[in-house]
Amino acid sequence: MRGRKSKRAKRQEFEQMQAPSLGGVQVPRGDGKTVVRLRRGASLSDFADKIDANPASLVTVLFHLGEMATATQSLDEDTFGTLGAELGYLVEIVSPEDEERELLGSFDIDLEAEEAAESEDDLVARPPVVTVMGHVDHGKTKLLDAIRSTDVVGGEAGGITQHIGAYQVHTEHEGIPRAITFIDTPGHEAFTAMRARGAQVTDIAVLVVAADDGVMPQTIEALNHAQAAGVPIVVAVNKIDKEGANPSKVRQQLTEYNLVAEEYGGDTMFVDVSAKQKVGIDALLEAVLLTADAALDLRAIANKDARGVAIEANLDKGRGAMATVLVQSGTLHVGDAIVAGTAHGRVRAMFDEHGGTLDEARPARPVVVLGLTSVPRAGDTFLVAPDDRTARQIAEKREAAERAAQLAKRRKRISLEDFTQALQLGKVETLNLVLKGDVSGSVEALEDALLKIDVGEEVELRVIHRGVGAITQNDVNLATVDSAIIIGFNVKFAERVEELSEREGVDVRFYSVIYQAIDDVEAALKGMLKPEYEEVQLGTAEVREVFRSSKFGTIAGSLVRSGEIRRNTKARVLRSGTVVRDNLTVESLRRFKDDVTEVREGYECGIGLGTFKDLEIDDVIETFEMREKPRA
């Protein structure tokens, strides 16, 4: 007669049924439909909290699935997907927008509720925000110079705009004074991300195309950014004063990209301009305002806390962190507590594009803000917080979330098999970089361009730190620990740092044009590649007679048929076109009674191949060497 089960045994049995094991580990299991929402860069501990499991058990489960991670390590979406599928959960990574909404909601800031509560009566007219885009050297900045009657190009390295500038100009349209905000985006191809940001904050895009050059690759790229952002486009056909200018050709070329001029029956306004001669500038401003009035409802609420976007930011030696922000709604006042991305602070002062001080900034107004504790990134959104404490907490939470997301992105998934193989083959060579620049947009664009360099799987590029401002002692210390190279973009050493870098032997490179930085880093990566060798044939000799000597062994009396035979080079023996023996060495080489180092084509010689004796008449001795193959 069997004994009855105790309550404890029954409970253990029930728990085992509810939580099937994997590798002997008990883990609560889902039904295959249960959705688990995780933020970007979440860890196994976060996942364990959601499903009420022990983090250590999830580490073990992941290990059995061929993945290695700690309980607090930030993981990527694929890893969570694999783990969730094994345990019966649908893992959903929260989008950055939802993450931001939840973060602000925890501080009782609901932007959507604010917008829903806005009434039509509160809306006031605002100026259009115009982004100037186009191919490099087609005259975008010159055109802005003509509009603003200032000279920006003179201050740009190589005549290429290296960061975004925002300016407001005033004109008269149909007898009414009007303002237009212009954003000048960089023309160089490496600044795709920044140009894309320019399109996202803009109302109208002015596409500058040189009349003597026509549509170029970056023209199409800029056009794609603008069309993806869904903004109206006005085409400025520049350089009409140059010899060979053909504005009609530009109009024809752009019809292929759905930009049909009004004179061809389309709805896109084309304006012929000459930035150099200041011709057609008024017509361009009029076209911008006409397009804005016809296609857009340019109104915003002014009587509320400001919301907007950071166009650019830099670290000024005397003033600290300075950010160029574009107010999109509300009014920004001096004294407001603001948070921009992971930076926060109180607005100590505001300046316009000419350096004049301002007390407030209304919608569509670009201003330079002073008072942030750190430098925000170009494209970061900013908002006015209720107080300094709230602003700091929002910034800190954003920074923590961003750091976790970056760690998850950087983590390279590796299976146990891959790990063993990597140990056997030797680790991948890694080039570590520390990037410092004058403005955050430049640093980000430079990093983006450098990480796109691909010279194969043998070497890897890793940016271990990026920042804005002069190269500091901390940067040099970090580079020393991680054997990194420091790249300074439009910046120099801070005080007494140069001596430290020389003492520590840290390689520091300075650049003012991005082409050179990309070329140098690519050359450095190629230099880290293990050399590839190729076989180069040196010569062939036909065996005419075979001599056997007790002193010298078997000697092949040969005639050099091609090239030259050298002593101590590699050799192989061919018989009727088939390799009889490979990986031999020409150990002795004689002409008559003299030892020689080489014998050229057409001459006879005696060749000794060491211990190899199986030589026959008419055999061919082929000599070769392995030479390093130049990398493409």
Side-chain angles (χ1 to χ4, degrees), residues 96-97 99-115 118 126 129 163-166 168 181 183 197 200-201 300-316 318-353 355-402 439-441 444 467-469:
E97 292 77 18
E99 197 177 310
E100 179 71 7
R101 200 176 296 117
E102 288 175 14
L103 171 64
L104 295 177
S106 65
F107 291 96
D108 296 326
I109 300 173
D110 191 341
L111 300 182
E112 289 184 356
E114 280 183 20
E115 288 178 13
E118 293 169 358
R126 66 166 179 83
V129 179
H163 56 270
I164 293 179
Q168 194 165 78
T181 297
I183 298 176
R197 285 218 178 93
Q200 285 163 4
V201 300
I301 292 182
N303 59 346
K304 68 168 189 173
D305 288 337
R307 306 278 186 266
V309 64
I311 299 293
E312 193 47 277
N314 68 305
L315 197 61
D316 187 86
R319 295 175 169 181
M322 299 178 69
T324 303
V325 301
L326 178 71
V327 180
Q328 292 177 305
S329 65
T331 303
L332 185 63
H333 300 89
V334 172
D336 283 346
I338 65 168
V339 54
T342 57
H344 67 92
R346 188 172 284 276
V347 181
R348 292 207 316 264
M350 287 192 295
F351 305 96
D352 62 17
E353 60 272 15
T357 56
L358 296 170
D359 292 326
E360 64 175 31
R362 292 169 67 81
R365 179 71 170 133
V367 287
V368 177
V369 170
L370 217 66
L372 291 170
T373 54
S374 59
V375 181
R377 293 182 311 175
D380 279 344
T381 56
F382 84 87
L383 56 92
V384 172
D387 51 60
D388 291 346
R389 183 167 169 269
T390 305
R392 187 182 70 252
Q393 289 175 338
I394 293 172
E396 286 172 352
K397 287 204 172 186
R398 277 178 175 172
E399 190 172 11
E402 193 175 297
V439 291
S440 59
E444 189 179 339
V468 174

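Since the model is a prediction, treat every value here as computed from it, not as a measurement.
Counting only heavy atoms from C-beta outward, the side chains of Leu332 and Val384 approach each other to under 4.5 Å. Contact check for Gln168 versus Glu353: side-chain heavy atoms found under the 4.5 Å cut-off. The closest side-chain heavy-atom distance from Val369 to Phe382 is not below 4.5 Å. Annotation: side chain of Leu104 is in contact with side chain of Leu383 (closest heavy-atom distance under 4.5 Å). Within the 4.5 Å cutoff, side-chain heavy atoms of His344 are placed close to those of Arg392. Between Asn314 and Val375 the shortest side-chain heavy-atom distance does not fall below 4.5 Å. In this structure the side chain of Asp352 reaches within 4.5 angstrom of the side chain of Arg365, judged on heavy atoms. Within the 4.5 Å cutoff, no side-chain heavy atoms of Val367 are placed close to those of Phe351.
Other residues, nucleotides and ligands contribute at most 12 non-hydrogen atoms within 6.0 Å of the CG atom of Asp359.
Side chain of Arg398 to backbone of Thr342: no donor-acceptor contact under 3.5 angstrom is found. Under a 3.5 Å cut-off, the side chain of Thr390 and the backbone N or O of Ala385 do not form any donor-acceptor pair. Judged by distance alone, the side chain of Ser329 and the main-chain N or O of Ile301 form no donor-acceptor pair under 3.5 Å. Formation of a donor-acceptor pair under 3.5 Å by the Thr331 side chain with backbone atoms of Ala302 is found in this model.
Between Gly469 and Leu315 the shortest heavy-atom distance is CA-CD2, 4.0 Å. Between Ala340 and Pro376, the closest heavy-atom pair is O-CB, 3.6 Å. Scanning both residues, Gly345 and Leu372, for their nearest heavy atoms gives N-CD2, 4.0 Å. The two residues Pro366 and Leu326 have their closest heavy-atom pair at N-CD1, 3.9 Å. Nearest heavy-atom pair, Ala166 versus Thr324, reported as atom, atom and distance to 0.1 Å: CB-CG2, 4.2 Å.
Taking CZ of Arg377 as the start and CD of Glu312 as the end, the distance is 12.5 Å to the nearest 0.5 Å.
Every pair passing salt bridge (Lys or Arg N to Asp or Glu O under 4.0 Å) that includes a residue from residues 332-349 is listed here, sequence neighbours excluded: Arg346-Asp388.
None of Val368, Leu370, Thr357, Val334 except one satisfies the side chain to side chain contact (heavy atoms under 4.5 Å, CB included) rule with Met350; the exception is Val334.
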